[in-house]
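Here is the structure we will look at.
Computed from a prediction, not measured in an experiment: that's the story for all the values here.
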Amino acid sequence: MTSKQKRSIKATVPTLKTNGLDLTKHFYKRMFFYNPELKNVFNIGNQANGKQQNALAGAVLAYAEHIENPGILIETLETIGNKHVSLNITPEQYDIVGTHLLASIKEVLADKATDDIMEAWTQAYNELAAIMISIEEKLYQNNLTKKGGWKGWRAFTISSIVDESKEIKSFYLEPKDKKDIPQYFPGQYITIKMFIPSLGYEQPRQYSLSSVFIPNHYRISVKKEIGKDRIPDGMVSNHMHEKVIGDEIWVSSPSGTFYADVVSDDTLVLISGGVGVTPMMSILGACSNSGMGNNVVWVHGCRNEESHTFKSEVELLQQRNDWLSSFVFYEETEFENEVVRRGRIDLNALEAKIIINGAKYYICGPEPFIKAHYNSLITLGVSRDKIFYEEFGPQLLHLN
(Lines give C-alpha, C1' and ligand atoms only; values in the text may rest on other atoms or scores of the structure.)
Protein backbone atom coordinates (compact mmCIF):
# COMPACT_ATOMS: atom_id res chain seq x y z
CA MET A 1 0.00 0.00 0.00
CA THR A 2 1.13 3.57 -0.66
CA SER A 3 1.41 6.13 2.11
CA LYS A 4 -1.57 7.95 0.62
CA GLN A 5 -3.67 4.79 0.71
CA LYS A 6 -2.74 4.15 4.34
CA ARG A 7 -3.78 7.71 5.23
CA SER A 8 -7.09 7.11 3.49
CA ILE A 9 -7.67 3.95 5.54
CA LYS A 10 -6.77 5.78 8.77
CA ALA A 11 -9.25 8.49 7.85
CA THR A 12 -12.09 5.94 7.98
CA VAL A 13 -11.33 4.90 11.60
CA PRO A 14 -13.76 7.41 13.21
CA THR A 15 -16.52 6.24 10.85
CA LEU A 16 -15.76 2.58 11.59
CA LYS A 17 -15.99 3.29 15.32
CA THR A 18 -19.47 4.74 14.95
CA ASN A 19 -20.83 2.81 11.96
CA GLY A 20 -18.77 -0.37 11.88
CA LEU A 21 -21.60 -2.57 13.13
CA ASP A 22 -24.00 -1.11 10.55
CA LEU A 23 -21.41 -1.96 7.91
CA THR A 24 -20.97 -5.59 8.97
CA LYS A 25 -24.72 -6.16 9.36
CA HIS A 26 -25.21 -4.87 5.84
CA PHE A 27 -22.31 -6.96 4.57
CA TYR A 28 -23.65 -10.29 5.89
CA LYS A 29 -27.18 -9.53 4.69
CA ARG A 30 -25.85 -8.68 1.24
CA MET A 31 -23.50 -11.66 1.01
CA PHE A 32 -26.11 -14.23 2.09
CA PHE A 33 -28.61 -12.76 -0.39
CA TYR A 34 -26.24 -13.18 -3.34
CA ASN A 35 -24.37 -16.25 -2.05
CA PRO A 36 -26.78 -18.23 0.14
CA GLU A 37 -24.54 -21.30 -0.17
CA LEU A 38 -22.22 -19.65 2.36
CA LYS A 39 -24.83 -20.27 5.04
CA ASN A 40 -23.38 -23.78 5.03
CA VAL A 41 -20.08 -22.30 6.23
CA PHE A 42 -21.06 -19.54 8.66
CA ASN A 43 -22.51 -20.09 12.12
CA ILE A 44 -26.13 -19.03 11.69
CA GLY A 45 -26.61 -18.92 15.46
CA ASN A 46 -23.89 -16.29 15.80
CA GLN A 47 -25.50 -14.38 12.94
CA ALA A 48 -28.80 -14.35 14.83
CA ASN A 49 -27.31 -13.21 18.15
CA GLY A 50 -25.09 -10.58 16.51
CA LYS A 51 -21.76 -11.96 17.74
CA GLN A 52 -20.37 -12.53 14.25
CA GLN A 53 -21.24 -9.01 13.12
CA ASN A 54 -19.60 -7.56 16.24
CA ALA A 55 -16.50 -9.71 15.77
CA LEU A 56 -16.07 -8.63 12.15
CA ALA A 57 -16.64 -4.97 13.02
CA GLY A 58 -13.87 -5.23 15.62
CA ALA A 59 -11.55 -6.97 13.17
CA VAL A 60 -12.08 -4.37 10.42
CA LEU A 61 -11.49 -1.55 12.91
CA ALA A 62 -8.33 -3.20 14.26
CA TYR A 63 -6.96 -3.63 10.74
CA ALA A 64 -7.66 0.02 9.93
CA GLU A 65 -6.09 1.25 13.17
CA HIS A 66 -2.93 -0.79 12.55
CA ILE A 67 -2.74 -0.39 8.78
CA GLU A 68 0.75 1.14 9.05
CA ASN A 69 2.00 -1.94 10.94
CA PRO A 70 -0.38 -4.87 10.36
CA GLY A 71 2.29 -7.27 11.62
CA ILE A 72 1.16 -6.42 15.15
CA LEU A 73 -2.00 -8.42 14.39
CA ILE A 74 -0.19 -11.58 13.29
CA GLU A 75 -1.23 -13.66 16.32
CA THR A 76 -4.87 -12.74 15.72
CA LEU A 77 -4.53 -13.54 12.02
CA GLU A 78 -3.01 -16.94 12.82
CA THR A 79 -5.91 -17.70 15.18
CA ILE A 80 -8.40 -16.74 12.46
CA GLY A 81 -6.40 -18.73 9.92
CA ASN A 82 -6.65 -21.85 12.07
CA LYS A 83 -10.40 -21.35 12.31
CA HIS A 84 -10.65 -20.91 8.53
CA VAL A 85 -8.64 -24.06 7.88
CA SER A 86 -10.93 -25.97 10.21
CA LEU A 87 -13.82 -24.77 8.02
CA ASN A 88 -12.00 -25.61 4.76
CA ILE A 89 -12.08 -22.01 3.54
CA THR A 90 -10.79 -21.57 -0.01
CA PRO A 91 -9.09 -18.65 -1.84
CA GLU A 92 -12.18 -18.34 -4.06
CA GLN A 93 -14.28 -17.55 -1.01
CA TYR A 94 -12.01 -14.60 -0.23
CA ASP A 95 -13.00 -13.19 -3.63
CA ILE A 96 -16.67 -13.49 -2.71
CA VAL A 97 -16.18 -11.89 0.70
CA GLY A 98 -14.09 -9.09 -0.81
CA THR A 99 -16.73 -8.30 -3.42
CA HIS A 100 -19.48 -7.92 -0.84
CA LEU A 101 -17.36 -6.18 1.81
CA LEU A 102 -16.15 -3.51 -0.61
CA ALA A 103 -19.65 -3.07 -2.01
CA SER A 104 -20.97 -2.71 1.54
CA ILE A 105 -18.38 -0.03 2.35
CA LYS A 106 -19.56 1.90 -0.70
CA GLU A 107 -23.25 1.46 0.13
CA VAL A 108 -23.06 2.18 3.87
CA LEU A 109 -20.54 5.01 3.82
CA ALA A 110 -22.29 6.58 0.82
CA ASP A 111 -20.76 10.02 0.08
CA LYS A 112 -17.91 9.36 2.52
CA ALA A 113 -16.75 6.47 0.31
CA THR A 114 -14.72 8.58 -2.08
CA ASP A 115 -12.78 7.10 -4.96
CA ASP A 116 -9.56 7.42 -2.94
CA ILE A 117 -11.06 5.59 0.03
CA MET A 118 -12.50 2.80 -2.13
CA GLU A 119 -9.17 2.39 -3.94
CA ALA A 120 -7.36 2.24 -0.57
CA TRP A 121 -9.78 -0.31 0.93
CA THR A 122 -9.61 -2.45 -2.20
CA GLN A 123 -5.83 -2.60 -1.91
CA ALA A 124 -6.01 -3.14 1.85
CA TYR A 125 -8.44 -6.03 1.50
CA ASN A 126 -6.42 -7.66 -1.30
CA GLU A 127 -3.24 -7.49 0.78
CA LEU A 128 -4.98 -8.91 3.85
CA ALA A 129 -6.57 -11.69 1.79
CA ALA A 130 -3.15 -12.59 0.38
CA ILE A 131 -1.70 -12.79 3.90
CA MET A 132 -4.57 -14.98 5.10
CA ILE A 133 -4.44 -17.29 2.08
CA SER A 134 -0.69 -17.73 2.62
CA ILE A 135 -1.14 -18.51 6.34
CA GLU A 136 -3.90 -20.98 5.58
CA GLU A 137 -2.07 -22.72 2.74
CA LYS A 138 0.85 -23.40 5.09
CA LEU A 139 -1.56 -24.84 7.65
CA TYR A 140 -3.24 -27.03 5.03
CA GLN A 141 0.13 -28.34 3.87
CA ASN A 142 1.25 -28.92 7.44
CA ASN A 143 -1.87 -31.02 8.06
CA LEU A 144 -1.13 -33.10 4.98
CA THR A 145 2.43 -33.85 6.11
CA LYS A 146 1.27 -35.38 9.40
CA LYS A 147 0.76 -39.11 9.69
CA GLY A 148 -2.95 -39.64 9.06
CA GLY A 149 -3.44 -35.98 8.16
CA TRP A 150 -6.02 -34.74 5.69
CA LYS A 151 -7.43 -31.57 4.15
CA GLY A 152 -11.12 -30.69 4.16
CA TRP A 153 -13.77 -32.99 5.59
CA ARG A 154 -13.46 -36.65 6.56
CA ALA A 155 -16.18 -39.09 7.59
CA PHE A 156 -16.10 -40.34 11.20
CA THR A 157 -18.55 -42.53 13.09
CA ILE A 158 -19.64 -42.23 16.70
CA SER A 159 -18.26 -45.30 18.47
CA SER A 160 -19.28 -44.42 22.02
CA ILE A 161 -21.33 -41.83 23.94
CA VAL A 162 -20.78 -41.13 27.64
CA ASP A 163 -22.94 -38.93 29.88
CA GLU A 164 -20.42 -36.78 31.77
CA SER A 165 -22.97 -34.61 33.62
CA LYS A 166 -26.60 -33.54 33.32
CA GLU A 167 -25.80 -31.35 30.33
CA ILE A 168 -22.53 -32.64 28.80
CA LYS A 169 -21.96 -35.78 26.75
CA SER A 170 -18.66 -37.10 25.43
CA PHE A 171 -18.61 -38.46 21.89
CA TYR A 172 -15.88 -40.84 20.75
CA LEU A 173 -15.28 -40.42 17.01
CA GLU A 174 -13.50 -43.04 14.90
CA PRO A 175 -12.49 -42.53 11.25
CA LYS A 176 -14.88 -44.35 8.95
CA ASP A 177 -11.99 -45.48 6.73
CA LYS A 178 -10.20 -47.00 9.78
CA LYS A 179 -6.96 -45.28 8.73
CA ASP A 180 -4.58 -43.27 10.90
CA ILE A 181 -5.55 -39.95 12.42
CA PRO A 182 -3.02 -37.21 13.24
CA GLN A 183 -1.85 -36.24 16.70
CA TYR A 184 -2.74 -32.84 18.09
CA PHE A 185 -1.48 -30.40 20.70
CA PRO A 186 -3.32 -30.53 24.04
CA GLY A 187 -5.92 -27.77 23.94
CA GLN A 188 -6.68 -27.82 20.21
CA TYR A 189 -10.10 -28.43 18.65
CA ILE A 190 -11.74 -30.17 15.73
CA THR A 191 -14.63 -28.88 13.66
CA ILE A 192 -17.65 -31.02 12.96
CA LYS A 193 -20.44 -30.28 10.52
CA MET A 194 -23.92 -31.68 10.16
CA PHE A 195 -27.11 -30.92 8.28
CA ILE A 196 -29.70 -29.12 10.41
CA PRO A 197 -33.18 -29.88 9.01
CA SER A 198 -34.83 -26.85 10.64
CA LEU A 199 -32.39 -24.56 8.80
CA GLY A 200 -32.02 -26.46 5.56
CA TYR A 201 -28.26 -25.91 5.74
CA GLU A 202 -25.16 -27.64 7.06
CA GLN A 203 -23.68 -26.07 10.18
CA PRO A 204 -20.06 -26.34 11.38
CA ARG A 205 -19.01 -26.05 15.01
CA GLN A 206 -15.66 -26.17 16.76
CA TYR A 207 -15.31 -28.44 19.81
CA SER A 208 -12.19 -28.80 21.94
CA LEU A 209 -10.62 -32.23 22.02
CA SER A 210 -11.24 -33.32 25.60
CA SER A 211 -8.66 -36.05 26.09
CA VAL A 212 -5.02 -36.80 25.50
CA PHE A 213 -4.39 -38.16 22.00
CA ILE A 214 -5.51 -41.77 21.47
CA PRO A 215 -4.45 -43.25 18.10
CA ASN A 216 -7.83 -44.66 17.01
CA HIS A 217 -10.32 -41.96 18.01
CA TYR A 218 -10.99 -38.36 18.95
CA ARG A 219 -13.08 -37.36 21.95
CA ILE A 220 -15.18 -34.21 22.16
CA SER A 221 -17.47 -33.29 25.04
CA VAL A 222 -20.53 -31.28 24.04
CA LYS A 223 -22.74 -29.19 26.29
CA LYS A 224 -26.41 -29.16 25.34
CA GLU A 225 -27.06 -25.43 25.10
CA ILE A 226 -30.54 -24.65 26.42
CA GLY A 227 -31.86 -21.23 25.43
CA LYS A 228 -33.26 -18.69 27.83
CA ASP A 229 -34.90 -15.30 27.47
CA ARG A 230 -34.60 -14.51 23.74
CA ILE A 231 -31.62 -16.80 23.12
CA PRO A 232 -32.70 -19.99 21.30
CA ASP A 233 -31.43 -23.49 22.01
CA GLY A 234 -28.06 -24.35 20.51
CA MET A 235 -28.87 -25.79 17.07
CA VAL A 236 -25.87 -28.08 16.69
CA SER A 237 -25.38 -29.03 20.34
CA ASN A 238 -29.00 -30.11 20.71
CA HIS A 239 -28.85 -32.01 17.42
CA MET A 240 -25.60 -33.63 18.56
CA HIS A 241 -27.20 -34.81 21.80
CA GLU A 242 -29.77 -36.71 19.73
CA LYS A 243 -27.07 -38.70 17.93
CA VAL A 244 -26.61 -42.42 18.59
CA ILE A 245 -23.71 -44.84 18.30
CA GLY A 246 -22.99 -45.60 14.66
CA ASP A 247 -24.09 -42.23 13.32
CA GLU A 248 -21.77 -40.61 10.80
CA ILE A 249 -20.31 -37.15 11.21
CA TRP A 250 -17.96 -34.97 9.14
CA VAL A 251 -14.78 -33.81 10.82
CA SER A 252 -11.90 -31.51 9.89
CA SER A 253 -8.30 -31.97 11.04
CA PRO A 254 -7.29 -30.66 14.51
CA SER A 255 -6.58 -26.92 14.62
CA GLY A 256 -6.08 -24.08 17.04
CA THR A 257 -3.44 -21.82 18.57
CA PHE A 258 -4.50 -22.45 22.18
CA TYR A 259 -2.43 -25.31 23.53
CA ALA A 260 0.07 -26.06 26.28
CA ASP A 261 3.70 -27.07 25.96
CA VAL A 262 3.88 -30.04 28.30
CA VAL A 263 7.46 -30.97 27.43
CA SER A 264 8.80 -27.92 29.25
CA ASP A 265 9.07 -27.70 33.02
CA ASP A 266 6.87 -24.60 33.28
CA THR A 267 4.16 -24.64 35.92
CA LEU A 268 0.74 -24.56 34.25
CA VAL A 269 -2.16 -22.71 35.86
CA LEU A 270 -5.47 -23.70 34.28
CA ILE A 271 -8.55 -21.53 34.82
CA SER A 272 -11.83 -22.79 33.38
CA GLY A 273 -15.53 -22.12 33.62
CA GLY A 274 -18.33 -24.52 32.73
CA VAL A 275 -17.69 -26.36 29.47
CA GLY A 276 -14.32 -24.58 29.32
CA VAL A 277 -13.18 -27.69 31.19
CA THR A 278 -12.82 -29.57 27.88
CA PRO A 279 -9.42 -28.37 26.55
CA MET A 280 -8.07 -28.48 30.11
CA MET A 281 -8.75 -32.22 30.24
CA SER A 282 -6.60 -32.65 27.15
CA ILE A 283 -3.81 -30.60 28.73
CA LEU A 284 -4.09 -32.51 31.99
CA GLY A 285 -4.00 -35.86 30.21
CA ALA A 286 -0.92 -34.81 28.24
CA CYS A 287 0.84 -33.73 31.43
CA SER A 288 0.03 -37.07 33.00
CA ASN A 289 1.33 -39.01 29.99
CA SER A 290 4.44 -36.93 29.38
CA GLY A 291 6.15 -37.90 32.61
CA MET A 292 7.87 -34.50 32.57
CA GLY A 293 6.47 -33.57 35.95
CA ASN A 294 4.92 -30.20 35.14
CA ASN A 295 3.33 -28.76 38.25
CA VAL A 296 -0.30 -28.00 37.45
CA VAL A 297 -2.76 -25.86 39.39
CA TRP A 298 -6.34 -26.08 38.13
CA VAL A 299 -9.05 -23.63 39.14
CA HIS A 300 -12.51 -24.50 37.85
CA GLY A 301 -15.88 -22.87 38.31
CA CYS A 302 -19.37 -24.18 37.59
CA ARG A 303 -22.93 -24.06 38.87
CA ASN A 304 -22.83 -26.96 41.34
CA GLU A 305 -21.40 -30.41 41.96
CA GLU A 306 -23.93 -32.06 39.60
CA SER A 307 -22.73 -29.92 36.69
CA HIS A 308 -19.03 -30.46 37.48
CA THR A 309 -17.89 -32.40 34.42
CA PHE A 310 -14.95 -34.82 34.83
CA LYS A 311 -14.95 -34.25 38.60
CA SER A 312 -14.08 -37.85 39.50
CA GLU A 313 -11.32 -38.08 36.85
CA VAL A 314 -9.58 -34.98 38.17
CA GLU A 315 -9.92 -36.08 41.79
CA LEU A 316 -8.40 -39.48 40.96
CA LEU A 317 -5.47 -37.85 39.16
CA GLN A 318 -4.89 -35.54 42.09
CA GLN A 319 -4.90 -38.44 44.56
CA ARG A 320 -2.28 -40.29 42.52
CA ASN A 321 0.00 -37.37 41.59
CA ASP A 322 1.62 -34.71 43.74
CA TRP A 323 2.22 -32.48 40.69
CA LEU A 324 -1.49 -31.61 40.48
CA SER A 325 -3.52 -29.42 42.80
CA SER A 326 -7.05 -28.26 42.02
CA PHE A 327 -9.63 -25.88 43.38
CA VAL A 328 -13.28 -25.62 42.45
CA PHE A 329 -15.83 -22.87 42.94
CA TYR A 330 -19.52 -23.84 43.02
CA GLU A 331 -22.14 -21.12 42.72
CA GLU A 332 -24.53 -23.41 44.57
CA THR A 333 -23.14 -25.43 47.48
CA GLU A 334 -23.61 -25.87 51.21
CA PHE A 335 -20.18 -27.44 51.60
CA GLU A 336 -16.78 -25.74 51.68
CA ASN A 337 -13.24 -26.84 52.45
CA GLU A 338 -9.70 -26.17 51.22
CA VAL A 339 -10.58 -27.40 47.74
CA VAL A 340 -14.24 -26.44 47.38
CA ARG A 341 -15.27 -22.78 47.62
CA ARG A 342 -18.69 -21.15 47.41
CA GLY A 343 -19.42 -18.54 44.74
CA ARG A 344 -17.70 -17.61 41.50
CA ILE A 345 -13.98 -17.95 40.94
CA ASP A 346 -11.97 -15.43 42.94
CA LEU A 347 -8.33 -15.53 41.89
CA ASN A 348 -7.36 -13.02 44.56
CA ALA A 349 -8.38 -15.55 47.21
CA LEU A 350 -5.94 -18.03 45.65
CA GLU A 351 -3.07 -15.62 45.05
CA ALA A 352 -0.59 -17.61 47.12
CA LYS A 353 -1.49 -20.80 45.22
CA ILE A 354 -1.46 -19.50 41.64
CA ILE A 355 1.09 -16.67 41.43
CA ILE A 356 4.19 -18.71 40.67
CA ASN A 357 7.41 -17.49 39.10
CA GLY A 358 7.65 -18.63 35.46
CA ALA A 359 4.14 -20.08 35.35
CA LYS A 360 1.98 -19.99 32.23
CA TYR A 361 -1.73 -19.30 32.54
CA TYR A 362 -4.49 -20.79 30.38
CA ILE A 363 -8.06 -19.48 30.57
CA CYS A 364 -11.08 -21.02 28.87
CA GLY A 365 -14.74 -20.11 29.22
CA PRO A 366 -17.30 -17.53 28.06
CA GLU A 367 -16.14 -14.09 26.91
CA PRO A 368 -16.97 -12.26 30.22
CA PHE A 369 -15.27 -15.06 32.19
CA ILE A 370 -12.05 -14.74 30.19
CA LYS A 371 -12.01 -10.96 30.41
CA ALA A 372 -12.59 -10.94 34.19
CA HIS A 373 -9.87 -13.45 35.01
CA TYR A 374 -7.40 -12.08 32.48
CA ASN A 375 -7.71 -8.70 34.19
CA SER A 376 -7.38 -10.33 37.62
CA LEU A 377 -4.12 -11.97 36.58
CA ILE A 378 -2.79 -8.66 35.24
CA THR A 379 -3.72 -6.98 38.54
CA LEU A 380 -1.89 -9.76 40.39
CA GLY A 381 1.26 -8.96 38.41
CA VAL A 382 1.21 -11.65 35.70
CA SER A 383 2.82 -10.60 32.41
CA ARG A 384 0.53 -10.55 29.37
CA ASP A 385 2.84 -12.84 27.43
CA LYS A 386 2.27 -15.55 30.06
CA ILE A 387 -1.51 -15.54 29.62
CA PHE A 388 -3.29 -17.57 26.92
CA TYR A 389 -7.00 -17.88 26.38
CA GLU A 390 -9.51 -19.76 24.26
CA GLU A 391 -12.72 -17.96 23.41
CA PHE A 392 -15.50 -20.24 22.21
CA GLY A 393 -17.22 -18.61 19.24
CA PRO A 394 -16.28 -15.45 17.29
CA GLN A 395 -13.28 -13.48 18.48
CA LEU A 396 -14.67 -10.58 20.49
CA LEU A 397 -11.67 -10.22 22.79
CA HIS A 398 -8.33 -8.70 21.80
CA LEU A 399 -6.64 -8.61 25.21
CA ASN A 400 -3.06 -9.17 24.05
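For Trp153, the ring pair (Phe, Tyr, Trp, His ring centres under 6.0 Å) test picks out no residue, with sequence neighbours left out. With sequence neighbours left out, the side-chain contact (heavy atoms from CB on, under 4.5 Å) criterion links Ile214 to Val212, Asn216, His217. For Phe32, the side-chain contact (heavy atoms from CB on, under 4.5 Å) criterion is met by Tyr28, Leu38, Lys39, Phe42, Gln47, not counting sequence neighbours. Residues satisfying the side chain to side chain donor-acceptor pair (under 3.5 Å) test with Glu137, not counting sequence neighbours, are Gln141. For Tyr201, there are no ring pair (Phe, Tyr, Trp, His ring centres under 6.0 Å) partners two or more places apart in sequence or in a different chain. Residues satisfying the side chain to side chain donor-acceptor pair (under 3.5 Å) test with Lys169, not counting sequence neighbours, are none. Looking at residues two or more places apart in sequence or on another chain, you find a side-chain contact (heavy atoms from CB on, under 4.5 Å) between Glu351 and Ile355, Leu380. Not counting sequence neighbours, the partners of Glu127 by the side-chain contact (heavy atoms from CB on, under 4.5 Å) test are Met1, Tyr63, Gln123.
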Review item, side-chain donor-acceptor pairs of residues 270-286, under 3.5 Å, at least two apart:
from: Ser272; atom 1: OG; to: Trp298; atom 2: NE1; distance (Å): 2.8
from: Ser272; atom 1: OG; to: His300; atom 2: ND1; distance (Å): 2.7
from: Thr278; atom 1: OG1; to: Val275; atom 2: O; distance (Å): 3.1
from: Ser282; atom 1: OG; to: Ser211; atom 2: O; distance (Å): 3.2

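Linking Ile, Leu, Val, Met, Phe, Trp and Tyr residues whenever their side-chain heavy atoms come within less than 4.5 Å leaves Tyr189 and Ile89 in two separate clusters.
Counting only residues at least two apart or in different chains, salt bridge (Lys or Arg N to Asp or Glu O under 4.0 Å) contacts with residues 323-339 comprise Glu331-Arg344, Glu336-Arg342.
Hydrophobic clustering, defined by side-chain heavy atoms of Ile, Leu, Val, Met, Phe, Trp and Tyr closer than 4.5 Å, groups Phe185 together with Tyr259. Grouping Ile, Leu, Val, Met, Phe, Trp and Tyr residues whose side-chain heavy atoms lie under 4.5 Å apart, directly or via other members, places Phe33 in a hydrophobic cluster with Tyr34.
Figure legend: cation-pi geometry between Lys386 and Tyr361 absent, as NZ or CZ is not positioned both under 6.0 Å from the six-membered ring centre and within 45° of its axis.
Note on Glu315 versus Lys311: salt bridge recorded, some NZ/NE/NH1/NH2 to OD/OE distance being below 4.0 Å. The existence of a salt bridge linking Arg154 and Asp177 is confirmed by a sub-4.0 Å separation between a basic side-chain nitrogen and an acidic carboxylate oxygen. A salt bridge does not link Lys224 to Glu167: none of the charged nitrogens lies less than 4.0 Å from a carboxylate oxygen.
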